[in-house]
Every structure is written in structure tokens, then in C-alpha cells.
Protein chains: 2
Amino acid sequence: MNTDKITSFFNLGVSVTLVIYGFEEGQLKVFTQKISKNPYAGAWSFPGKLIKSDESLEDAAYTMLDEAIGNTKPYIEQLNAFGKITRHPLGRVIDVTFYSLINMKSDVKSYRADKESKWVHVPKVPELAYDHNEMLNLAMLRLRRRLINRPIGFKLLPAEFTLGELQALYEEILGHELDKRNFRKKVTKLNILLTKGHETTDNPGRKPRLFSFDPEKYANYMEQGF
Amino acid sequence: MNTDKITSFFNLGVSVTLVIYGFEEGQLKVFTQKISKNPYAGAWSFPGKLIKSDESLEDAAYTMLDEAIGNTKPYIEQLNAFGKITRHPLGRVIDVTFYSLINMKSDVKSYRADKESKWVHVPKVPELAYDHNEMLNLAMLRLRRRLINRPIGFKLLPAEFTLGELQALYEEILGHELDKRNFRKKVTKLNILLTKGHETTDNPGRKPRLFSFDPEKYANYMEQGF
DNA sequence: TCAAAAGTGTTTCCCTTACACCCATGC
DNA sequence: GCATGGGTGTAAGGGAAACACTTTTGA
């Protein structure tokens, strides 16, 4: 392999796109940005950018997460590579898509001043630029599967949460209701919850207990699944 | 976005690599090729190549499958994108890896004359070039998961097979033995088998029944899982 | 008749599911 | 005291797992 011979292959780009999930007021939301440049000026899309040749895919994803919400700590997982020839109108760009789960209260430190952005409830996501709707469809399938097999939903919640909130999260993402007693039985049997006292909001009704995770057991399940 | 501005991003390559699985004599095998060029001359690797800017990822994968075994029909599924900066010694190459399941008897039409190749029993796979061992590890995890959730193992077997062969395939891939009666109960309950008569080999012992699939029910399970 | 592989049922256990009422709190 | 949401147990059904012997065939 010599340099001349391979030059012809190096006329394409690789981008990384991020589907960032958040959970707020009982709704699963994704982070979208308004595009300012043609041919998609005015359209909404997920954050994405071409990567440089000295940047790994993961680094690019974390950098973009930092640009989007001012934080590189949240969970990121590779979703899929999208490689249709015509997926980018200005040239050949292959996209490696990641998705991220963040807590909208504690993980969001800042938004970019130079881009209009908003969180959109997933069922209300409009037509997006590029093939980003296709990415979202795939990301939703993955998220539902992961939610069933791994303790991943916790990453969308604050450090302390009630079982009611956890159940609402599951119901919202899975798209159907769950039996309260069965849900609690299943979760508590996993033994990954630590009691943290009681909530002190001024909602009507009995004060729910707050829980957080046993980080070690949590880590085990993340690797091996339930 | 103008052309000048993005030129700096277009100095990397994208390759597609194929982990091709076959099953022969009770062993799960992968297809490997000997590399003839430095810096990996003499080393073994999976088939892979840089893609051109007018070639989709899937097309490249099928083309490579054709080059490897002379057939573009078998099952292919995207595995992962590998993007470490140093993964290719000669430049920045991001790899999108696919894996394929073929029947070594009926799907292999021809091998390339210009490349030395061989099928290697997975536990005996040596150190491979690039990050191909890492790819194999990930491909094995995926294959095991798929085998449990989808009727995917059938793709490694001939069109007609015995339940003993099917069970041996599962045991080989999952790495542990299965109870014969429970295995048969589970498989027959799926209702995807069609009886095809009896084997006519001259092995000792009772002649096993041959089965094939009901393609429609098979397709359903492929989409939705068990 | 023996060696080799195919084929076949039942029981136990646990997990899943369905289902309804009392408890604590603020107003 | 009532409205609001939190919290709890039990019974039935279904799938998973454990377990051993008989059948067919060729040599």
C-alpha cells in the first residue's frame, strides 16, 4: 500500500452525531439544534460534526456532548454507522452515531450561545435534517431494549429519585403502563437501591421515599445485564 | 459550509471489515486471509478494504463477501465502528465492521486465487493484524446474544439439518452443554421447523429426522425476536 | 447382541402476571 | 374529612431446568 494508491479513497468524511436523551416532567426528550447553513438552514437536527484525522470517534462524541450541554461525564454508547451515499447533500459523509443519557437537571451545565437549541418530546419530534429521523428510530429501539436488559434508565434520573418516578420513566419509554406492585417487586429484588430518606416537596399526598443506587451492583448489571 | 473549509476533514479513510462465520465438523470457524503487504505482511486478518466515495457501507460489505467466498446472498449485519486513532499504522482509517453467517457447504462458491485464506476454529484464532482480535471478541458477544434471541443459528447450517446438529451448533457457540429434551421442546414449540424425512448417512445408530424452516415464521422471529 | 446415536415426559421451582385496598399528608 | 399520591401481598399460570430410559439401526 503506497500513498498515491490510497489517495483516491480519502475523499470522504466521517461525522459523529449525538442523540442526547433527557427526561423531564414525565417526558422523554431529545436535544435538537437549529441549523444555520444551507442546504438545511432553518431545519432542526441532532448535534453532529465532521471528525478530524487526529480525533477518535469517542473523543469527538464527548467533545460534542460538552459543546451541547457543557458536560463530558454522561453515559455515551455507540449506536450505528450510517453510510448511504446520498445521506449528506454536500458530499460523501459517513456518520457514526452515538446516543447519550443525561439528567436534565444536574448534567446540563450550559448551552452554546451560537446555536438555537431545544429539547423535544420524542413523539413530537418533527422532520429532521439528513437521516436524523432514521437515527432516532434506531436509537429508540436500542433504548427500549437496553432499558429492559440493563439498569440504564437510572442515568436519566437525578441521583435521588422515587420509585414512582422510575416507573413513570419506564412507562414513558416503553410506551405502555406497568403494574405498580410488580414493578416495585422487580426493582427492589435487584438489590441496587439505597434508601435515602423522604422527599420534601409540597405535593399533595403521602411523601415518597427517595432512593439512589449501590454503584457496585449497578456496575455489575451494566456489564452483564439482568 | 464551503469546500475549502471542509477539505481538512477529508484526509482520513473508511474501511469495511468482515467477520465471516462458518460451522463445520462441530466447530465455529472464522474466515481469515494472509496479508501480503507491510507492515503486516505474513500476518492473518479478516477481509477488509477501504471504501470508495461512491460505495455504501453495505455494498462494500457484500462486495467483500463476494470476493471472499464468491457469494453475495448470505446474512450480513453491522457490528460496530472502530475509530481509534492508531488502529491503522499507515494512516487514519475508521473501520465499520460487519459480520456474516454462511453455510460452509452451500454458500462458498469460490475463494480468491490471489490471497491465501483459511477457516480457523474460533478458540484457536491467533493474534491478528490491526484490531481484528478486538473485532472478533465483540462479534462473538453479538453472535451469542443473537443466537439466544433470534433464529439466527440456522444460517450456519445446511438447508436440511437434524436437531442434534442444531443443538451442537448452539453448544459450540454458547460454550456450554444444553439438555437435549429441553432443547428440543423449546425449538419445536417455536413452530418454525418442517419435517423433511430422514438422514441417509451410514453412521452407526438410529437415523435422525431432517428438518428445514418455515420461511415465513422464521422471518417473523428474525424481526421481533423470540 | 452390542454399540452408537435418536428420541421422548414428568416434576419442580421460580418468575411473571393479575388484581384491590389501606396509609400518610396537605388543604 | 377529603383529595392526592404512596405503599403493600397473594394466588394462579407458564416457562425453565433437572432428570433416565427406550428405540432404531448397522456391524
Side-chain angles (χ1 to χ4, degrees), chain A residues 23 25-27 144-145 147-151 153 157-158 160-172 174-212 221 224-226, chain B residues 25-27 144-145 147-151 153 157-158 160-172 174-212 217 221 224-226:
Chain A
F23 187 70
E25 291 164 8
Q27 298 189 335
R144 290 198 188 99
R145 234 189 312 137
L147 198 67
I148 292 168
N149 298 318
R150 311 255 159 117
L157 291 176
E160 302 190 355
F161 54 88
T162 70
L163 292 183
E165 287 167 350
L166 186 63
Q167 181 175 348
L169 174 88
Y170 268 74
E171 290 177 341
E172 162 78 357
L174 297 180
H176 57 86
E177 299 199 340
L178 299 168
D179 181 89
K180 186 165 48 160
R181 281 169 292 189
N182 293 338
F183 182 81
R184 282 159 188 251
K185 246 182 296 176
K186 209 180 293 185
V187 173
T188 51
K189 193 182 297 176
L190 291 175
N191 241 9
I192 51 180
L193 294 183
L194 299 172
T195 307
K196 306 296 279 193
H198 284 264
E199 205 174 46
T200 54
T201 60
D202 47 346
N203 285 336
R206 184 170 171 175
K207 298 300 172 224
R209 305 193 77 174
L210 286 168
F211 296 91
S212 70
Y221 283 122
Q224 304 165 17
F226 294 141
Chain B
E25 291 164 6
Q27 299 188 334
R144 290 196 189 101
R145 235 190 311 139
L147 197 68
I148 292 169
N149 298 318
R150 311 258 158 116
L157 291 175
E160 301 190 354
F161 54 89
T162 70
L163 292 183
E165 288 166 349
L166 186 63
Q167 182 175 347
L169 173 87
Y170 269 73
E171 291 176 340
E172 162 77 359
L174 297 181
H176 58 86
E177 299 199 341
L178 299 168
D179 180 89
K180 186 165 47 159
R181 283 169 290 188
N182 292 338
F183 182 80
R184 283 160 187 250
K185 247 180 297 176
K186 207 179 297 188
V187 173
T188 52
K189 192 181 298 178
L190 291 176
N191 242 8
I192 52 180
L193 294 183
L194 299 171
T195 307
K196 307 296 278 192
H198 284 263
E199 206 174 47
T200 54
T201 59
D202 47 344
N203 286 336
R206 184 170 172 176
K207 297 298 172 226
R209 306 193 77 176
L210 286 168
F211 296 90
S212 69
K217 287 171 184 160
Y221 283 122
Q224 304 165 18
F226 294 141

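In what follows, every chain begins at residue 1, and chains take the letters A, B, ... in the order their sequences are listed.
Among the protein residues, R184(A) comes within range of the nucleic acid bases, having at least one heavy atom under 4.0 Å from a base atom.
No donor-acceptor pair closer than 3.5 Å links the side chain of E199(B) to the backbone N or O of P208(B). Looking only at distances, a side-chain donor or acceptor of Y221(B) sits under 3.5 Å from a matching main-chain atom of L190(B). With hydrogens and angles ignored, the 3.5 Å screen pairs no side-chain donor or acceptor of E172(B) with any backbone N or O of Q27(B).
The distance from atom CD of Q167(B) to atom C1' of dA17(D) is 14 Å, rounded to the nearest whole Å. Between the CG atom of N182(A) and the P atom of dA12(D) there is a distance of 16 Å, rounded to whole Å. The nearest whole Å value for the distance from the CZ atom in R209(B) to the P atom in dA5(C) is 21 Å. Atoms CZ (F161(A)) and P (dG6(D)) sit 14 Å apart, rounded to a whole Å. Rounded to whole Å, atom P of dA18(D) lies 16 Å from atom CZ of F183(B). Atoms CD (E177(A)) and P (dC19(C)) sit 14 Å apart, rounded to a whole Å. Remark: C1' of dT25(D) and NE2 of H198(B) are 12 Å apart, rounded to the nearest angstrom. In this structure, the CD atom of E199(B) is 14 Å from the C1' atom of dT24(D), given to the nearest Å.
Of the listed nucleotides (dA20(C), dA17(D), dT4(D)), dA17(D) has the atom at the smallest distance from the side chain of K186(B). Side-chain atoms of K207(B) lie closest to dG26(D) of the nucleotides dG26(D), dG7(D), dG26(C). If you check dG7(C), dC19(D), dC19(C) against the side chain of R181(A), the one that comes closest is dC19(C).
For dT10(D), its base sits under 3.5 Å from the side chain of K185(A) at one donor and acceptor pair at least. The base of dA3(D) does not come close enough to the side chain of R206(A) for any donor and acceptor atom to sit less than 3.5 Å apart. Side chain K180(B) to base dG7(C): a donor-acceptor pair is found below 3.5 Å.
Between Y170(B) and F183(B), the ring-plane angle classifies as perpendicular under the 30° and 60° cut-offs.
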query: What do the steps show when you test F161(B) against L193(B) for side-chain contact (heavy atoms from CB on, under 4.5 Å), and what is the final call?
result: CA-CA 10 Å; F161(B) 54 89; L193(B) 294 183; 3.9 Å; yes
